[in-house]
Amino acid sequence: MIDLVQLRKEPDVVRAALGRRGVSPALVDELVTIDVEHRRLLQEAERLRAEIKSLSRQVGDARRAHDTQRAEELSAVSRELGEEEARAGADADAVADRLREIWLSLPNLPSPDAPDGVDEHDNVEVRRWWRGLEDGAGFPEFGPHQRVPHWDVGRELGILDLEAGAKLAGSMFPLFRGAGSRLIRALGAFALDRHADAYEEIRPPTFALTETMQSTGHLPKSVDDMYAIERDGLWAIPTAEVPLTSMHRGEILEESRLPVRMTALTPCFRREAGAAGRDTRGLLRVHEFDKVELFAYCTPDQAPAAHADILERAEGLLRELGLTYRLLDLCAGDLGTSSARTIDLEVYSPGVDRWLEVSSVSWFRDYQSRRANVRYRRADGTTALVHTVNGSALAWARIWAALVETYRQPDGSVELPAVLAPYLGGRTTITRPA
RNA sequence: GGAGGGAUGCCAGAGCGGACGAAUGGAACGGUCUUGAAAACCGUCGUGGGCUUGCUCACCGUGGGUUCGAAUCCCACUCCCUCCGCCA
């Protein structure tokens, strides 16, 4: 949620900032109006409430003094005020509901650093990396043996069985097998080990309460993108960001503990409603995938460094895996609801000849912590909302695709990077089954 | 799934219709004393909202209800503990 105090003080700044991402100024104005109205009604209800409390005390006094008549009189007055207060309270509640509805639905203010733009076409490419770049090598040339899409490679080598996945859960639920399954497991373990120096490893529940989903901003906005288990009031998490952001929900952290850094490997579920066709073949877009998330609660001062650290770690993994990738600075119009600034990492996958998003490293400022009510106590005793930052490092289904395409050999086998050897029982070659 | 017990401040724990935002103890912080420390003693010690910055409102697991008045009574729900059942 955005800061209502800021909205009151500088409505023009808020209107302009949200305008950069396409929010109608009328909606902002409505929130301003409703906020004023809400406070007016609240004052009225509270004034009545204070009077009732005072009268009730006097009733008690009269009773103790055995002045029954006076007690009855005061009770009668208070009872009448009570009815008035109930009406005033109901009015205030109704306006509060509307206020909260708009407030929850408004996205975060984009950072002034985020580039202007309306959609993904306006994102700014920051840089590219490929193996050998530091030694002066040009953008890699990919041979014909690498121009085979991963769904074909996977079928040839018996490591990806999309038909079996579809049979079990429907399309876009991939099933990995044999060396392919082991590769997914290896990637998750590899990443967790790399982050263990600074990030506490967490294995959170895969399902979350509505309240938990609201804290990150996934609800109510993206309700159609989520899988719901209605009978139990649960949602399948779309990313470990959801549970990690709520780990300290409603708590006040000591400043000395910050930054609190955590990492988690979880399945991620996305309904991808409306997505179909060319963009969704194979592993390009799936309903369930494994991902390692990096997350930090920090002070506003620590946030830039925390954001940079997550970005560096995500890039570091890609470099270790030798994959070609680029960084995109998301424009204001393409930012996720809750984010103020996001850098996307896209890996180049030669078989499908596409850049695939494998990480999104975001700084949310206090937008999520205001929803989740996560604060910290400064040395001087005052409290303030923490900032949250997070990013994938990395989303494995698409990495899996990029790996088998990039490292496909002319003989059809796949020779994976040596850095994965410890996680693959030493076997980095995947060959066609006999 | 069944039976019973519980949920109060940083922690422990009292309060079970009337000045209760809440006793008491511990922890923490500040001070006195001390060469220093400990002990002792004194003080501070929840969060948020509103507005006329001094007042006011809300919060005792959550949501309803009863009442002039609710931490306290009633209803529902959630979570925790004990026992039974089932089970990876």
Side-chain angles (χ1 to χ4, degrees), chain A residues 1-9 31-100 102-104 203-215 219 229-235 243 246-258 260 267 297 366 368-386:
Chain A
M1 292 183 273
I2 63 165
D3 182 5
L4 281 187
V5 174
Q6 185 191 11
L7 179 70
R8 285 168 204 158
K9 277 205 290 235
L31 188 61
V32 171
T33 309
I34 287 180
D35 177 49
V36 170
E37 176 70 358
H38 176 242
R39 279 180 292 156
R40 191 183 67 76
L41 291 169
L42 205 58
Q43 272 178 62
E44 175 63 8
E46 284 184 358
R47 187 186 62 76
L48 290 163
R49 186 88 197 125
E51 207 164 325
I52 290 167
K53 283 178 80 162
S54 154
L55 281 169
S56 294
R57 254 176 251 134
Q58 295 174 47
V59 171
D61 291 343
R63 280 269 152 74
R64 266 186 297 279
H66 302 292
D67 189 344
T68 313
Q69 194 191 334
R70 180 162 166 73
E72 283 304 320
E73 283 169 14
L74 290 167
S75 291
V77 176
S78 184
R79 205 176 303 129
E80 265 178 55
L81 281 178
E83 285 168 26
E84 231 181 290
E85 190 241 339
R87 276 194 299 275
D91 289 349
D93 286 350
V95 173
D97 285 349
R98 178 67 185 140
L99 175 79
R100 191 170 173 76
I102 298 178
W103 196 14
L104 273 176
R203 176 51 251 227
T206 306
F207 301 118
L209 300 168
T210 299
E211 196 182 349
T212 308
M213 296 288 283
Q214 275 180 355
S215 296
L219 288 178
I229 301 175
E230 284 183 44
R231 186 171 68 171
D232 298 298
L234 291 169
W235 304 81
S246 281
M247 275 281 287
H248 292 289
R249 187 169 69 215
E251 296 179 19
I252 300 173
L253 306 169
E254 291 304 324
E255 181 169 12
S256 58
R257 284 184 60 195
L258 299 176
V260 171
Y297 292 113
D366 57 12
Q368 292 182 326
S369 59
R370 184 171 289 109
R371 287 179 173 232
N373 193 23
V374 184
R375 288 163 292 169
Y376 70 101
R377 193 184 310 280
R378 300 196 193 92
D380 66 7
T382 60
T383 59
L385 293 165
V386 300

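Here is how names work: the chains are called A, B, and so on, in the same order as the sequence lines, proteins then strands, and each is numbered from 1.
Spacing between atom CZ of A:Arg40 and atom C1' of B:G49 amounts to 18 Å, rounded to whole angstrom units. As a whole-Å value, the separation of A:Asp61 CG from B:A19 P is 9 Å. Put simply, CG on A:Asp93 is 12 Å from P on B:G63, counting in whole angstrom units. Look at CD on A:Glu255: it is 17 Å from P on B:C29, rounded to the nearest Å. Taking atom CD on A:Glu37 and atom C1' on B:G49, their separation rounds to 17 Å, with Å as the unit. Protein atom CG of A:Asp3 is 10 Å distant from nucleotide atom P of B:G49, rounded to whole Å. To the nearest angstrom, P of B:U78 lies 12 Å from CG of A:Leu209. Regarding A:Glu44, its CD atom lies at a distance of 13 Å from the C1' atom of B:G50, rounded to whole Å.
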Could I get a table of every N or O pair under 3.5 Å where one atom is in the protein and the other is in nucleotides 44-47 of chain B?
unit_1 : atom_1 : unit_2   : atom_2 : d
B:U47  : OP1    : A:Arg377 : NH1    : 3.0
B:U47  : O3'    : A:Arg375 : NH1    : 2.6
B:U47  : O2'    : A:Arg375 : NH1    : 3.2

Using nucleotides 51-56 of chain B, report all nitrogen or oxygen pairs with the protein that are shorter than 3.5 Å.
unit_1 : atom_1 : unit_2  : atom_2 : d
B:C51  : OP1    : A:Arg39 : NH1    : 2.3

Sort me out a list of protein N/O and nucleotides 64-68 of chain B N/O pairs below 3.5 Å, or just none if empty.
unit_1 : atom_1 : unit_2  : atom_2 : d
B:C68  : OP1    : A:Arg79 : NE     : 3.1
B:C68  : OP1    : A:Arg79 : NH2    : 3.2
B:C68  : O4'    : A:Ser75 : O      : 3.4
B:C68  : O2'    : A:Ser56 : OG     : 3.0
B:C68  : O2'    : A:Ser78 : OG     : 2.2
B:C68  : N4     : A:Arg63 : NH1    : 3.2

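Heavy atoms from other residues, nucleotides or ligands lying under 6.0 Å from CD of A:Glu211 number 12 at most.
Remark: side-chain polar atoms of A:Ser54 are not paired, donor with acceptor, to backbone N or O of A:Ala50 under 3.5 angstrom.
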Ignoring hydrogens and angles, write down the donor-acceptor pairs under 3.5 Å from the side chains of residues 249-256 of chain A, residues two or more places apart or on other chains.
unit_1   : atom_1 : unit_2   : atom_2 : d
A:Arg249 : NH1    : A:Thr212 : OG1    : 3.0
A:Arg249 : NH1    : A:Ser246 : OG     : 3.2
A:Glu251 : OE1    : A:His248 : ND1    : 2.8
A:Glu255 : OE1    : A:Ala379 : N      : 3.4

Side-chain donor-acceptor pairs under 3.5 Å in residues 76-94 of chain A, sequence neighbours left out?
none

Counting only pairs under 3.5 Å, give me each side-chain donor-acceptor contact of residues 64-72 of chain A, with atom names and distances, residues two or more places apart or in other chains.
unit_1  : atom_1 : unit_2  : atom_2 : d
A:Arg64 : NH2    : A:Asp61 : OD1    : 3.1
A:Asp67 : OD1    : A:Arg70 : N      : 3.2
A:Gln69 : NE2    : A:Glu73 : OE2    : 3.2
A:Glu72 : OE2    : A:Arg63 : NH2    : 3.3

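With contacts defined as side-chain heavy-atom distances shorter than 4.5 Å, the pair A:Val260/A:Val386 does not qualify.
With rounding to the nearest 0.5 Å, the separation of CG in A:Leu7 from CH2 in A:Trp103 is 10.0 Å. Note: A:Thr206 OG1 to A:Leu234 CG = 11.0 Å, rounded to the nearest 0.5 Å.
With sequence neighbours excluded, no residue forms a salt bridge (Lys or Arg N to Asp or Glu O under 4.0 Å) with A:Arg100. By the side chain to side chain donor-acceptor pair (under 3.5 Å) test, A:Arg49 is found to be paired with no residue, residues two or more places apart in sequence or in another chain being considered. For A:Ala96, the side-chain contact (heavy atoms from CB on, under 4.5 Å) criterion is met by A:His38, not counting sequence neighbours. Here A:Pro205 pairs with nothing under the side-chain contact (heavy atoms from CB on, under 4.5 Å) rule; sequence neighbours left out. A:Thr210 pairs by the side-chain contact (heavy atoms from CB on, under 4.5 Å) definition with A:Gln214, A:Leu219, A:Trp235, not counting sequence neighbours.
Nearest-nucleotide positions on RNA chain B for A:Arg49 and A:Gln58 put A:Gln58 closer to the 5' end.
Straight-line distance between the C1' atoms of B:A70 and B:C74: roughly 12 Å, to the nearest whole Å. Comparing the C1' positions of B:G6 and B:G61 gives an interatomic distance of 11 Å, to the nearest angstrom. Rounded to the nearest Å, the gap between the P atom of B:U8 and that of B:U72 is 14 Å. Using atom P as the reference point in both B:G9 and B:A14, the two lie 13 Å apart (nearest Å). Taking atom P in both B:C29 and B:G65, one finds a spacing of 45 Å when rounded to whole Å. Between B:C75 and B:A3, the two P atoms lie 16 Å apart (nearest whole Å). Taking atom P on both B:U47 and B:C11, the two are 13 Å apart, rounded to the nearest angstrom. The separation of B:C20 from B:G69, taken at their C1' atoms, amounts to 13 Å, rounded to a whole angstrom.
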Q. Side chain to side chain contact (heavy atoms under 4.5 Å, CB included) between A:Leu104 and A:Met1: does it pass, once the steps are laid out?
A. CA-CA 6 Å; A:Leu104 273 176; A:Met1 292 183 273; 4.2 Å; yes
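For the 3.5 Å distance criterion, the side chains of A:Arg371 and A:Asn373 fail to qualify, holding no donor opposite an acceptor.
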Q. Could you write out RNA chain B as a dot-bracket string, with dots for unpaired bases, | for bases paired across to another strand, and Watson-Crick or G-U pairs counted at under 3.5 Å?
A. ((((((((.[[[..)..(.....]]].(((((.......))))).((((((..)))))).[[[[[..)....]]]]])))))))....
